[in-house]
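Reviewing the structure listed below.
Numbering of ligands and ligand atoms starts at 1, following listing order.
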Amino acid sequence: MTKITFSRWQRFVLFIIGCTSIIQPMGAQQVIPALPASTQKIKIVWPAQVISEHKDLLPELELFQRYCNQLGIPPLKAGSTTQQALVLKLDQQMAPEAYAFKSLPNGSVELRGQRDGVFRGLMTCIQLMADAHFRGDKYLQFPIVTDQPAFKWRGMHLDVSRHFFPLPFVKKYIDILALHKMNSFHWHLTDDQGWRIEIKKYPLLTAVGSKRHETMVDKHFEPYIGDGTPVEGYYTQDEIKEVVQYAQARHIQVVPEIEMPGHAMAALAAYPNYSCFRSPLDVMTKWGVSEDVFCTKDSTLQFVKDILDEVCTLFPSQYIHIGGDEVPKTRWKQCASCQQRIRDLHLKDEHELQSYFISQIDQYLHKKGRQAIGWDEILEGGLAPHAAIMSWRGEEGGIAAARQKHPVVMSPGSHCYFDHYQGNRQSEPLAIGGFTPLEKVYSYFPIPEVLKPEEATYILGAQGNLWTEYIGSPDHAEYMMLPRVCALAEVLWCGKQKPGYTEFKSRIRKHFQFLDRIPAHYSKAMYSIQSLVQRNAGTLSVSLSAPFPDGEIHYSLNGNEPNLQASTYQQGDLIAISSSKKLKARYFENNRPAGPLLEEEFEIHGGLHAQIETNIPPAEQYSLGGIQKLVDARVGHLPMVGSEWLGWSGKDPEITLRWDTSMNFRVFEISLLKQEESWIYLPAAIEIASSLDGKQFTSIRTLNQKEIQDNSKPDIPLRIVLTGEPFQFLRIRLKQNSVIPDGRPGAGSPPWLFISEILLN
Ligand code: ACM
Ligand code: ZN
């Protein structure tokens, strides 16, 4: 990047040469997050000049120029006049981060705000300039608006423990946030698989804890397969300071996370004395949750406080993230010190012990003038007096905390986990699971309707999380983050004023050119074709919808790659599926493939003719397609993508199928998922009962847990041979264990039950 030097510091001018100022109505402008609606804009010719009327704004101006250079956008030039320029004005009366464009009598454009507001405004200018540049426009058009964020916490998280990301990438990540007006970077620095921050008092944290001897291959949990390749890396304190400064210059807070009392294996591998049993431990090479956690004894609390002393000197942020998620209580139940602590303090159980641990740290940070923030599990056993909550297991934790008048950052897995799939299994890299496409992120609003207005004031905003178990490189991290972070940025900046997904999608499409200039990797999953299976009087048909109206879909049913010669899909067509088949379809623009391949395999069976009902709907985040999905001829496969399965947790579904006449099936199959490391369990029992009238049901088969386990094979539906008796109704009761057993990931929480298809033949 070219370093800009300024000749006159008092009044720095980047000038729009020969500009004219015209007030005219405004259309939607190519900026993300979207600008407020405006009826007027001021038009100036560029290349242009810019003036800062205040010396304090020179760092923002310099950064702006750097970004322009980096993105290959002709930067505004230094000038010496206030005539028809972009004039930066410091205005301490404006709200934090707010900025305004105003036209000045001399034809100039004024950008006014506090320092952070002017910086956000300059990020708007960059996108306006990039758009004009890409279109070859001779004018820049500034809307006459005041723009300000709806939410004050607009964050993105990065897990550098599961995979280490080098310093230049961390800075690039911060740049991507800055360019989209995000203001918080949550740096997840420690976990079971690696300690990544130098702590001078405890050198083994990095000497031992930053290294693991290998990494688990894909999802080979059981039997475990490792890749044999050592992984290591950490940030020195000097590097940390560099990142904090880098972010500060971009008006982004860096919130460090030091995980406790769980997710602490890397620390315990270095200092096993701080565990309950002091035996040697290794930095984990497998994903998941470790049973070994910090002991609650005084020496461990002191160790953690010592670490936080150094963390607080490195990070000036008000909030210090202390983790608190996924803490198995197994060791505490067996540990003499922990049990003594429970007795001494008259605690009810290990949840209250966790609350004790967190409260100690909460108080310690409070005395240092800081505030603890933790994952929503820290509500269990009682919330520490000063702690803020980051709500990830849905919004319930956030709701509870807001009602207790504690600050909340929403980050529910359903909308904010960018380690989830964003498109279909065939065209996306292996991910942890889930399904969080761009539209879902865009649909988010962080204030739950159940909150009263006063309670809602505790919702600071939201954050996207990027856990990196399955993300091993910077390119891949960018791909998972983009364009989803653009959607989240708009959700959080625009709030209720966001323009809507269809309009956003067309802006994103143009924004790819901007991302190319960074240059950053991004997913084009939003170009996916959506398919809808329709069952009607025993026939199965599929309708498709294109991502944009200006291209076309080509498809095949013979297994061939759909090219321009393949059938063209016309909107509204129903593609009849009369026998088990594979449908392949792709979206084309200008006669070129423009999106990922849609590949659907249909398995025709007798259940497709049935009406289906359930007593309990699936959980919101695993409910795509509704209960009809269980008889849509599409069997889910591994790796698990959340869009292919319906999920229930804590509730036992009873599913009933009804045919128009009595039927005579010989085989029942149900496609179930077993992925215990993700809390997804086979049911504890399945009872199948049939009926001719829908009232009187006769049990035809009950499978207990052992039979289900013994007869289940990965990726193949569970098969049960029926008696051959006719029936018109079939009722399937699925019973789950109430909680995940001790010693397993998610122990103590209800397991998930996942079903993708119920087949009858
Ligand atoms: C989390 O995803 N375990 C906070
Ligand atoms: Zn202990």
Note to self: What verdict does the side chain to side chain donor-acceptor pair (under 3.5 Å) test give for Asn737 and Tyr681, after you've listed the backbone C-alpha separation in whole Å, the side-chain angles of each residue and the deciding distance to 0.1 Å?
What the structure shows: CA-CA 9 Å; Asn737 285 318; Tyr681 278 68; over 6 Å; no

When you pair each N or O of ligand 1 with protein N or O atoms, which pairs come out under 3.5 Å?
| unit_1 | atom_1 | unit_2 | atom_2 | d |
| --- | --- | --- | --- | --- |
| ligand 1 | 2 (O) | Tyr417 | OH | 2.6 |
| ligand 1 | 3 (N) | Asp325 | OD2 | 2.7 |
| ligand 1 | 3 (N) | Glu326 | OE1 | 3.3 |

Over 12 foreign heavy atoms within 6.0 Å of NE2, His366:
no

- request: Kindly confirm or rule out a cation-pi arrangement of Lys498 over Tyr442, judged by NZ or CZ under 6.0 Å from the six-membered ring centre and within 45° of its axis?
  value: yes

message: So that I know where these two stand, are His157 and Trp467 an aromatic pair - ring centroids less than 6.0 Å apart?
response: yes

Assert yes or no for the condition that the ring centre distance of Trp375 to His186 is strictly below 6.0 Å.
yes

- Message: Aromatic contact between Tyr246 and Tyr173, with the criterion being ring centroids under 6.0 Å apart: yes or no?
- Response: no

Here the vertex angle at the Zn ion (ligand 2) for SG of Cys338 and SG of Cys335, given to 10°, is 110°

